[in-house]
Amino acid sequence: MGDLLPPSMALWLAAQEVKARTGMEPFPLVPKPEKTPEMLEAVTTALRSLSEILEPSARRRPELAVEIAKLFAAFNLYTGDAAKSAVQVEVWGEQLGEFPLFAIRKAVRWAVRGEQKMPSLAAFIGDTKIAMGRQIQARRKLLTDWVAM
């Protein structure tokens with residue numbers, strides 16, 4: 001996302017994130033960027049991109065089903081019963097629908113690369129939450145607040 005923002009906004013965002021993590025103002029102080037039409041347009045574009053990235057995967061069901069099927073295939077879980085496999089994918093899809101696809105894809109990579117066996121749904125949801133992180137949500141809020149001021 002840093003590539004979408006002008007350097008002054010990216011620097012200010014980084015300073016705000018440091019302040020949120022440490023509770024201290026970074027030194028030297030980074031001024032809040034001026035709200036010029038160009039800056040407003042750049043931030044609006046970045047927010048649109050963030051909205052697309054953070055879109056719940058339930059709105060993109062076919063892509064979500066493919067990611068879940070890849071996870072099952074990696075752990076060789078196909079039993080030969082197509083109906084059962086479809087129901088399993090549907091159950092996982094319902095539970096993962098609130099998370100963005102980028103986080104699910106990252107959690108699938110982690111599971112395939114690191115697990116000896118298929119993770120439970122609860123463990124996979126935990127990994128998905130970690131993959132999503134909090135920084136992207138905080139950054140979105142900072143940008144939204146900046147636009148609203």
Side-chain angles (χ1 to χ4, degrees), residues 1-23 26 32-33 35 37-149:
M1 180 169 103
D3 295 345
L4 295 176
L5 295 172
S8 62
M9 179 56 81
L11 187 62
W12 178 77
L13 272 176
Q16 294 304 305
E17 289 166 359
V18 166
K19 181 180 173 184
R21 273 195 319 272
T22 65
K32 185 182 282 192
K35 197 183 278 190
E38 296 83 16
M39 184 68 80
L40 194 56
E41 182 180 337
V43 171
T44 303
T45 301
L47 280 169
R48 246 183 275 125
S49 293
L50 272 176
S51 293
E52 290 171 12
I53 290 169
L54 294 172
E55 178 182 45
S57 59
R59 294 189 187 144
R60 297 165 66 182
R61 283 294 235 207
E63 291 174 79
L64 174 59
V66 166
E67 295 306 319
I68 295 168
K70 282 190 221 176
L71 176 67
F72 290 174
F75 287 99
N76 201 20
L77 291 182
Y78 185 65
T79 61
D81 185 347
K84 180 180 176 184
S85 293
V87 170
Q88 287 176 319
V89 168
E90 183 62 28
V91 168
W92 277 59
E94 285 176 14
Q95 298 304 312
L96 294 170
E98 69 191 78
F99 302 104
L101 273 174
F102 87 90
I104 293 168
R105 288 181 177 125
K106 191 182 280 189
V108 166
R109 282 193 310 271
W110 291 347
V112 170
R113 291 176 183 167
E115 295 288 327
Q116 301 298 322
K117 59 181 180 147
M118 175 74 175
S120 69
L121 179 55
F124 189 81
I125 287 173
D127 286 348
T128 303
K129 287 178 181 178
I130 292 169
M132 190 167 84
R134 288 182 290 167
Q135 185 177 7
I136 194 164
Q137 296 288 9
R139 184 166 280 201
R140 181 184 196 183
K141 182 172 177 8
L142 282 170
L143 289 173
T144 303
D145 290 350
W146 182 87
V147 168
M149 292 180 168

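Numbers here are sequence positions counted from 1. The structure presented is a predicted model; accordingly, all values stated were derived computationally and were not measured.
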As an exercise, state the distance from [atom1] of [X] to [atom2] of [Y], rounded to the nearest 0.5 Å.
{"X": "Leu71", "Y": "Arg105", "atom1": "CG", "atom2": "CZ", "answer": "13.5 Å"}
{"X": "Arg140", "Y": "Ile53", "atom1": "CZ", "atom2": "CD1", "answer": "10.0 Å"}
{"X": "Gln16", "Y": "Arg21", "atom1": "CD", "atom2": "CZ", "answer": "11.5 Å"}
{"X": "Ile104", "Y": "Thr128", "atom1": "CD1", "atom2": "OG1", "answer": "6.0 Å"}
{"X": "Gln88", "Y": "Phe72", "atom1": "CD", "atom2": "CZ", "answer": "5.5 Å"}
{"X": "Leu50", "Y": "Thr45", "atom1": "CG", "atom2": "OG1", "answer": "11.5 Å"}

Can you see which heavy atom on [X] is nearest to which on [Y], and at what distance?
{"X": "Ile136", "Y": "Phe102", "value": "CD1-CZ, 4.5 Å"}
{"X": "Met39", "Y": "Pro33", "value": "CE-CB, 3.8 Å"}
{"X": "Ala42", "Y": "Pro6", "value": "CB-CD, 3.6 Å"}
{"X": "Glu67", "Y": "Val108", "value": "O-CG2, 4.0 Å"}
{"X": "Val89", "Y": "Ile68", "value": "O-CD1, 3.8 Å"}
{"X": "Ala148", "Y": "Lys35", "value": "C-NZ, 4.1 Å"}

If we ignore hydrogens and angles and just use 3.5 Å, is the side chain of [X] paired with the main-chain N or O of [Y] as donor and acceptor?
{"X": "Ser57", "Y": "Phe99", "result": "yes"}
{"X": "Lys32", "Y": "Trp12", "result": "no"}
{"X": "Lys70", "Y": "Ala65", "result": "no"}
{"X": "Trp146", "Y": "Leu40", "result": "no"}

Worksheet item: Of Asp145, Leu143, Thr144, which is the lone residue that meets side chain to side chain contact (heavy atoms under 4.5 Å, CB included) with Lys141?
Response: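 Single side chain to side chain contact (heavy atoms under 4.5 Å, CB included) partner of Lys141 among Asp145, Leu143, Thr144: Asp145.
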
Discussion item. Does this structure show an ion pair linking Glu90 with Arg61, if we count only N-O contacts that are shorter than 4.0 Å?
Written reply: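 Judged by the 4.0 Å cut-off on N to carboxylate O distance, Glu90 and Arg61 do form a salt bridge.
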
Discussion item. Between Glu52 and Arg60 (salt bridge meaning N to carboxylate O under 4.0 Å), is one present in this structure?
Written reply: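 Arg60 and Glu52: not salt-bridged.
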
Item to complete: Could you check Gln137 against Met132 for side-chain contact (heavy atoms from CB on, under 4.5 Å), going step by step and ending with a plain yes or no?
Response: CA-CA 9 Å; Gln137 296 288 9; Met132 190 167 84; 3.9 Å; yes

Worksheet item: For Lys129, does the NZ atom have more than 12 heavy-atom neighbours from other residues, nucleotides or ligands under 6.0 Å away?
Response: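 Open.
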
Practice prompt. Could you tell me how the ring of Trp92 sits relative to the ring of Phe124: parallel (under 30°), tilted (30 to 60°) or perpendicular (over 60°)?
Written response: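 Tilted, since the angle between the ring planes falls between 30° and 60°.
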
